[in-house]
Amino acid sequence: MRLSKSLIPALKETPSDAQIASHRLMLRAGMIRQMASGIYAWLPSGYRVLNKIMQIVREEQDQAGAQEMLMPTIQSADLWRESGRYDAYGKEMLRITDRHARDLLYGPTNEEMITSLVRDSIKSYRDLPQTPYHIQWKFRDEVRPRFGVLRGREFLMKDAYSFDVDYAGALAAYKKMMLAYMRTFQRMGITAIPMRADTGQIGGDLSHEFHVLASTGESGVFYDAAFETGDALAETDVELFYQKMTSIYAATDEKHDTAQWAKIPSERQREGRGIEIGQIFYLGQKYSQAMNFAITGADGQRFFPEMGCYGIGVSRLVGAIIEARHDEAGIIWPDAVAPYRAAILNLRQGDAATDGICENLHTQLGADGLYDDREERAGVKFAEADLMGHPWQIIVGPRGAVNGLVELKRRATGERWELAVQDALTKVLG
RNA sequence: CGGGGCGUGGCGCAGCCUGGUAGCGCGCUUGUUUUGGGUACAAGAGGCCCCCGGUUCGAAUCCGGGCGCCCCGACCA
């Protein structure tokens, strides 16, 4: 992409209504623009990040045996009356009336809908287990939206739902999903920690929240340093993984148990702040019962399937990753989710040598390269590249260009190398 | 939902108290300059001063009513 032709409106000054780092940086880097309170438009570079995150989530869900589908954003109130949640949900639910005066709502979650869908098509225990998921926009009419995409009203979420014949099956699904979540977050270059959680409005009695460590996080977290080593993640057997993962202490401040905490050697005690980016729940038969989803078992008797639900805040992750990965100059994208893998900075636009090298690099990098071909001073290009946080900057100036050399800069570490064009490219692509 | 604050060119703000033909910085356009960390000079373009009503000879400014947005708290993926 050529920066001169892109819709990536970077801002030199900070918009006054952005309080925290990720919100400020997303606005300044031209990733998003607010369209209404808690509602954002995703501009090209922000949308690229969103898509990369979505893709990683998708791959890991598929890997865990879940099947992708897509449910609508608008739901019928009748569906929610079946479970009793239409009245229970409160003002966070955005209620809509259509021209025929029928009650609709913009979905805040999809338990009712998926249960009804599965109920209508699954009639035998032989068809279970099933784990459908989708990645769709949700709406919760928060009293007070804030922090940009971390706490918007409209947000993109991956939600999966498992249906099993018995508790053992549901538990196996739960464990498998926890493993998939940890792999998902690891691939995105962030440290996430699963913590025992309340089940809140969703229901059920077994639940974990996943928190990204970030100094600006909303909740205080306490955890055992054993999480930092990543040993448990190397475990490929689901049972062993789950055992290891859940035997290490980790809790948010609400669920912090000081007696348990005291048993951990002090040199391994870690306190910090976290942002919740996902939560998994064992639901039991709450919804299958409420919505009369019964099927015939091997013994010929009718039974209610055991359910679980599993959410990841996809749009929130964009903000959470930035909270965890930024400095005074701007964002520091992990390679896997960066909008562009490398920026090509032409320091002397119009110079035959620099133009030639830049065009060549731009072609070879394809869609993952962002070419700053604007008629701007070097300082402007440096500052903006740091702000946008590309993992690599390929700096092409007239001094090196005559000898076929460019400077490669790694955003995360500040390291620089003077390299031949092809060597720089190899390093970036490697 | 309680408490506080703000709406003035794209962005950040001043002007409002004490009514009198709308201003600054950044950005944008053109030219010159500069050429490896947000360059300098010059000339320009761009505004229903959030909306509606009232007071007044005259309202960005005073009064009333709306709407929007932000911050603190309670609440939440």
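Naming: A, B, ... by sequence-line order, numbering from 1 per chain. Because the structure is predicted, anything quoted here is derived from the model rather than measured. Side chains are part of it too, since the values below use all heavy atoms of this structure and drop only hydrogens, waters and symmetry mates.
- Nearest nucleotide to the side chain of Asp17(A), out of A74(B), C70(B), G25(B): C70(B).
- Comparing C11(B), C70(B), A77(B) by their nearest atom to the side chain of Pro15(A) picks out C11(B).
- Contact annotation: side chain of Arg153(A) to base of C76(B), donor-acceptor pair absent below 3.5 Å.
- The residue Glu142(A) sits close to a base: some heavy atom pair falls under 4.0 Å.
- Contact annotation: Gln19(A) does not reach the phosphate of C72(B) (side-chain N/O to OP1 or OP2, under 4.0 Å).
- When the P atom is compared between C13(B) and U29(B), the two are found 24 Å apart, to the nearest whole Å.
- Note on ring orientation: taking the six-membered ring where Trp is involved, the planes of Trp80(A) and Tyr89(A) are perpendicular (angle over 60°, cut-offs 30° and 60°).
- Between C57(B) and C70(B), the two P atoms lie 41 Å apart (nearest whole Å).
- Comparing A59(B) with C51(B), their C1' atoms are spaced 15 Å from each other, to the whole Å.
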Verdict with supporting geometry, Tyr167(A) and Tyr282(A), ring-ring contact (aromatic ring centres under 6.0 Å, His included): CA-CA 9 Å; Tyr167(A) 177 72; Tyr282(A) 160 66; 5.2 Å; yes

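- Comparing atom distances between the Arg151(A) side chain and each of A77(B), C76(B), G12(B) picks out C76(B) as nearest.
- Using P as the reference atom, U30(B) and C72(B) are 42 Å apart when rounded to the nearest Å.
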B/S/- contact track for nucleotides 31-46 of chain B, protein heavy atom under 4.0 Å: ---BSBBBB-------

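- Separation of the P atoms belonging to G38(B) and G27(B) is 12 Å when rounded to the nearest angstrom.
- Between the side chains of Gln55(A) and Glu59(A), a donor-acceptor pair is found at a separation under 3.5 Å.
- As rounded to the nearest Å, G68(B) and C26(B) have C1' atoms that lie 25 Å from one another.
- Gly319(A) comes within contact range of no nucleotide atom at all, as no heavy-atom separation falls under 4.0 Å.
- A side-chain donor from one of Tyr371(A) and Asn346(A) sits under 3.5 Å from a side-chain acceptor of the other.
- The separation between Leu150(A) atom CG and C71(B) atom P is 12 Å, rounded to whole Å.
- For the P atoms, the distance linking G5(B) with G64(B) amounts to 15 Å, nearest Å.
- Nearest-nucleotide mapping onto RNA chain B: of Gly313(A) and Lys91(A), the residue sitting toward the 5' end is Lys91(A).
- Sorted by first then second residue, the salt bridge (Lys or Arg N to Asp or Glu O under 4.0 Å) pairs that include residues 245-258 of chain A, not counting sequence neighbours, are Asp198(A)-Lys255(A).
- Within the 4.0 angstrom heavy-atom criterion, no nucleotide atom of any strand lies near Ser315(A).
- The listed nucleotides are A77(B), C71(B), C13(B); the one nearest the side chain of Ser16(A) is C13(B).
- Both the sub-6.0 Å distance and the 45° axial angle are not jointly satisfied by Lys427(A) relative to the ring of Trp392(A).
- Note on ring orientation: taking the six-membered ring where Trp is involved, the planes of Phe222(A) and His256(A) are parallel (angle under 30°, cut-offs 30° and 60°).
- Note on Ser37(A): every side-chain N or O is 4.0 Å or more away from OP1 and OP2 of G68(B).
- The CD atom of Glu111(A) sits 12 Å away from the C1' atom of A77(B) (whole-angstrom rounding).
- Within the 4.0 angstrom heavy-atom criterion, no nucleotide atom of any strand lies near Ala18(A).
- No N or O donor and acceptor, one from the side chain of Arg146(A) and one from the base of C70(B), sit under 3.5 Å apart.
- Contact of the Tyr174(A) side chain with the Leu206(A) side chain is registered, since non-hydrogen atoms from C-beta on lie closer than 4.5 Å.
- C11(B) and G19(B) are spaced 31 Å apart, taking the P atom of each and rounding to whole Å.
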